[in-house]
Amino acid sequence: MTSSDTSPDLLLLTRPGCHLCEAARAVLERIRADLAISWREQSIEGDAGLTSRFGEEIPVLLIDGVQRDFWQLDEARIRRLLGA
């Protein structure tokens with residue numbers, strides 16, 4: 001990714017009460033602070049489609065709509081994917 005590219009869309013899929021989701025948020029906050037890349041979060045609760053597709057893998061990180069990581073996010077790998 002170069003400086004002329006648009007920012008990637010980082011979406012963290014979570015569910016309430018998920019301890020792995022807390023750790024994933026911390027990883028994404030460190031990346032946000034270092035790279036000035038924003039991220040957003042969406043709960044799968046109440047969404048049958050997302051629950052069916054990702055229910056056993058939460059948290060799930062999608063970058064530009066592509067699943068890139070799940071369960072325990074690998075910070076170094078995510079940074080590499082973002083070109084940092």
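- In this structure, V60 and Q67 approach most closely via the heavy-atom pair CG1-CG, 3.7 Å.
- Annotation: the span from W39 atom CH2 to I63 atom CD1 amounts to 13.0 Å, rounded to 0.5 Å.
- Here the straight-line distance linking atom CG of L12 with atom CG of L73 works out to 6.5 Å at 0.5 Å rounding.
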List the steps and the verdict of side-chain contact (heavy atoms from CB on, under 4.5 Å) for D34 and R32. CA-CA 6 Å; D34 290 347; R32 182 201 58 76; over 6 Å; no

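- In this structure, W71 contributes its side chain and E56 its backbone to a donor-acceptor pair below 3.5 Å.
- Counting heavy atoms from C-beta on, the side chains of E57 and L13 never come closer than 4.5 Å.
- Within the structure, every pair that satisfies the salt bridge (Lys or Arg N to Asp or Glu O under 4.0 Å) test and touches residues 10-22, not counting sequence neighbours, is listed here: E22-R25.
- At least one donor-acceptor pair under 3.5 Å links the side chain of T51 to the backbone N or O of D47.
- At distances below 3.5 Å, at least one donor-acceptor pair connects side-chain atoms of D69 with backbone N or O atoms of D74.
- Looking at heavy atoms from C-beta onward, E75 lies in side-chain contact with I31 at the 4.5 angstrom threshold.
- Residues S7 and S38 form no side-chain contact, since every pair of their non-hydrogen atoms from C-beta on lies 4.5 Å or further apart.
- A 4.5 Å side-chain heavy-atom check between L28 and L10 finds at least one atom pair inside the cut-off.
- In this structure, the side chains of L11 and Q42 come closer than 4.5 Å at one or more pairs of heavy atoms.
- Summarising the geometry, atom CG belonging to L61 is positioned 5.0 Å from atom CD1 belonging to I78; distances are rounded to the nearest 0.5 Å.
- Following chains of ILVMFWY side-chain contacts shorter than 4.5 Å, one cannot reach V27 starting from L62, and the two form parts of different hydrophobic clusters.
- In this structure the side chain of D9 reaches within 4.5 angstrom of the side chain of R40, judged on heavy atoms.
- Within 6.0 Å of CZ in R30 there are more than 12 heavy atoms belonging to other residues, nucleotides or ligands.
- Using a 4.5 Å cut-off on side-chain heavy atoms (C-beta onward), I58 and L20 make no contact.
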